[in-house]
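Every chain is numbered from 1, with letters handed out A, B, ... down the list of sequences.
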Amino acid sequence: MAPSDLPLFDADLPESSARGATTRATVPVLLPLALDEPYTYEVPAGETLAPGDFVVVPLGPVKRIGVVWREASARPVDPRKLKPVLARLDEVPPLPPLNLAFADWVAQYTLAPKGMVLQMMMSARLVFEAEEPRFGFRGGSGVPSRMTDARQRVMAAVADGAVWSKKRLMDAAGVSAAVIDGLAEADALIRAELPRTRAFAPRPDFAFASLSDAQLTAAGALQQTIAEGGFSATLLDGVTGSGKTEVYFEAVAEALRHGERQVLILLPEIALTNQFLERFERRFGCRPGEWHSAVSPKERARVWRGVALGEVRVVCGARSALFLPFTDLGLIVVDEEHDPSFKQDDRVTYQARDMAVVRASLGKIPIVLASATPSVESIVNVQRGRYRHAVLPGRFSGNALPDVEAVDLRAVPPERGMWISEPLVGAVNEALAKGEQALLFLNRRGYAPLTLCRACGHRFTCPQCTAYLVEHRLRGRLVCHHCGFSLPFPKACPSCHGEATLAASGPGIERVTEEAQNRWPDARLAVLSSDLVPSTAALREILTRITEGDVDIVVGTQLVSKGHNFPKLSFVGVVDGDLSLATADPRAGERTFQLLHQVTGRAGRFGAPGRGLIQTHFPDHPVMRALVTGDREAFYEAEIGLREEAGYPPFGRLAALIVSGKTRYDAEGYARALALAAPEASRIQVLGPVEAPLAIIRGLHRQRLLVKAAREADLQAYLRAWLAGVDAPRGGVTLHIDVDPHSFL
DNA sequence: ATTACGGAGCTT
DNA sequence: AGCTCCGTAATA
């Protein structure tokens with residue numbers, strides 16, 4: 001509803017004479033802007049407003065929609081500044097009290113302005129705009145003079161009492177519009193407004209999956225947490241293919257039965273596939289509410305309303321679904337809980353898995369964290385006794401985990417200009433000979449990560465970032481992966497003007513595809529890379545071809561590592577196992593282990609035992625060792641030891657302060673001033689500033705400070721005290737705070 | 001986020 | 001002296 005065409009509260013009547021004398025009631029109203037505190041507004045006489053109500057208020061010269069908050073800001077406001085609330089949005093269900101508490105919590109933890117957290121909770125624009133009512137038909141009492149087969153079918157469809165849209169009714173009854181019009185004419189159908197929400201009411205007992213004993217035990221443990229009630233966190237820990245999804249589906253069913261509460265299943269966006277939603281539908285008889293970036297604005301509004309009214313019982317969504325207005329949330333599941341995409345790095349930086357635990361704790365409900373390769377944080381929480389542990393020891397199919405080996409690139413390098421070594425070639429041949437599928441994995445888009453001139457050594461870099469341009473040969477362009485800058489692939493070297501001197505350096509997914517095409521000209525190839533798959537429909541089609549065995553070799557980036565099962569896949573070759581080890585990330589080792597474990601785990605899930613080969617320059621690296629020996633526990637033990645020694649999370653707390661400015665001088669100046677103003681504290685140290693590894697992005701120069709705190713230290717209080725004593729940045733300089741950073745770039 | 005304000009540099 | 005432009009502060 002646009003604030004301008006609202007039915008406003010009645011204007012004050014004669015008033016003004018009494019005005020100065022009476023103190024009027026006020027309410028705090030939080031606006032979805034970069035504001036830390038709610039503003040105070042007058043409540044019009046005779047109105048009552050409750051926390052959570054959506055209201056329209058004047059802000060400067062404009063009207064804005066905000067939410068009545070719980071507590072007013074501590075600072076009193078000059079009463080002369082007070083303006084009245086203009087209207088309450090009665091059409092919009094209020095924000096539930098827990099959401100208010102949750103927003104406060106997230107804001108205080110991340111140091112993001114409260115209003116920005118509210119903005120995330122209001123990210124369904126159309127909910128707040130007046131919607132044209134849509135009409136459909138429901139059954140009426142009129143009897144038509146003639147009853148045909150077609151008319152019978154229509155009447156049978158509307159016998160359920162629901163309001164059907166004309167289109168849906170035509171499809172369901174297999175009739176034309178004229179049939180419906182005829183029935184409406186006779187009052188056998190009555191025009192009625194279509195509901196503005198969509199109910200998603202999964203049935204907990206629709207179709208039981210047959211579970212193994214281990215699955216039943218784990219499912220029982222999860223159901224127990226629901227029966228007990230109250231907050232609990234359980235790590236559902238099982239190797240790839242052990243059937244974790246079926247297990248937590250039973251927990252979902254239990255939550256639906258138990259007090260008919262709502263359930264949130266968080267997944268990495270990339271794993272929210274049709275395959276997953278179909279599995280859900282097979283188990284529960286209907287699709288869940290979906291929430292991710294590809295959901296249309298209209299559907300977002302319907303889901304948001306449905307969640308707020310309690311009609312949407314289950315939401316499957318990406319991280320932002322955590323901020324939906326659940327009225328009666330009874331269970332949260334975070335699948336692939338280790339996944340890095342749960343960390344949001346722009347706007348409000350938050351870790352959705354961690355915030356989900358907070359949400360569960362505030363709501364006094366159970367949460368299930370599921371993964372085959374849990375985060376170190378979660379493992380440590382199990383060790384500390386804070387999380388329960390439900391383990392699925394074996395693969396559901398009974399197959400052994402794939403046999404993984406490292407290929408030492410120092411000993412058996414691929415031929416010059418090639419990237420697939422002899423052992424990988426042999427393994428692919430073997431799979432092809434048996435009529436099985438092979439996957440070549442390289443987590444790098446494009447043809448080559450660097451283009452250089454053989455004559456003068458010129459390297460193509462992005463004009464606005466500290467990064468090389470990546471050649472995308474299929475698009476015929478050089479592309480910056482950090483800012484999106486691109487230029488057509490040049491004909492000559494811009495530095496020495498030599499022609500035909502430019503050489504691609506290093507492999508990308510396109511180059512590996514080219515090599516595979518040359519090596520296996522008769523094999524049917526499929527490429528899975530986010531920039532080479534034009535649409536989700538095309539992706540679905542490729543995945544179907546792979547599943548049905550119409551593909552021999554899959555070449556893919558990270559896209560292949562999640563959410564899809566390839567039943568005929570027996571071999572996985574990792575082209576560059578070292579890629580993610582070299583990133584500026586405190587979790588690089590953990591990430592690499594998780595990624596490669598998941599990817600190689602794709603091999604041989606159903607039927608034939610699988611095999612994985614990882615090309616690496618560091619076959620002795622603990623990560624490679626753990627992957628090869630399959631000794632997951634040894635890896636965690638070593639990694640936990642390293643973290644503890646370094647005081648890294650979860651044994652200490654980190655926060656990054658990123659200062660960016662138009663020039664290095666600007667950024668450095670403010671960053672240094674910040675460092676000088678850092679308060680002394682016994683268990684907190686401030687490191688830096690240093691130039692960020694990615695020193696310039698989009699033309700902005702960046703400096704980083706790192707705050708390292710002991711686990712017991714109040715990091716947020718320290719940061720607030722620090723920033724309170726510093727002038728706000730200006731002159732185009734910005735300061736970004738990242739509590740618990742996952743990347744040091 | 002949006003808008004009003006005010007100083008710097010430029011036009012008249 | 002008057003006017004536009006941009007950076008900055010304030011919005012209750």
Chemist: Just jot down the salt bridge (Lys or Arg N to Asp or Glu O under 4.0 Å) partners of E299(A), sequence neighbours excluded, or say none.
Modeler: R198(A), R302(A)
Chemist: At what distance, to the nearest 0.5 angstrom, does CG of D345(A) lie from NE2 of H736(A)?
Modeler: 6.5 Å
Chemist: Please state whether the rings of Y648(A) and F744(A) are parallel, tilted or perpendicular, taking 30° and 60° as the class boundaries.
Modeler: perpendicular
Chemist: Rounding to an integer number of Å, can you tell me how far L118(A) CG sits from dA1(B) P?
Modeler: 13 Å
Chemist: Step through the shown structure and confirm whether more than 12 heavy atoms of other residues, nucleotides or ligands are within 6.0 Å of NZ on K364(A).
Modeler: no
Chemist: Please produce a list of atom pairs where a protein N or O lies less than 3.5 Å from an N or O of nucleotides 4-11 of chain C.
Modeler:
from    : atom 1 : to      : atom 2 : distance (Å)
dT8(C)  : OP1    : G731(A) : N      : 3.2
dT8(C)  : OP2    : G731(A) : N      : 3.0
dT11(C) : OP1    : K81(A)  : NZ     : 3.3
dT11(C) : O3'    : G60(A)  : N      : 3.3

Chemist: Rounded to the nearest angstrom, tell me the gap between atom CZ in R64(A) and atom C1' in dT3(B).
Modeler: 11 Å
Chemist: What integer distance in Å separates L31(A):CG from dA1(B):P?
Modeler: 13 Å
Chemist: Could you tell me whether Y350(A) and F342(A) have their ring centroids closer than 6.0 angstrom?
Modeler: no
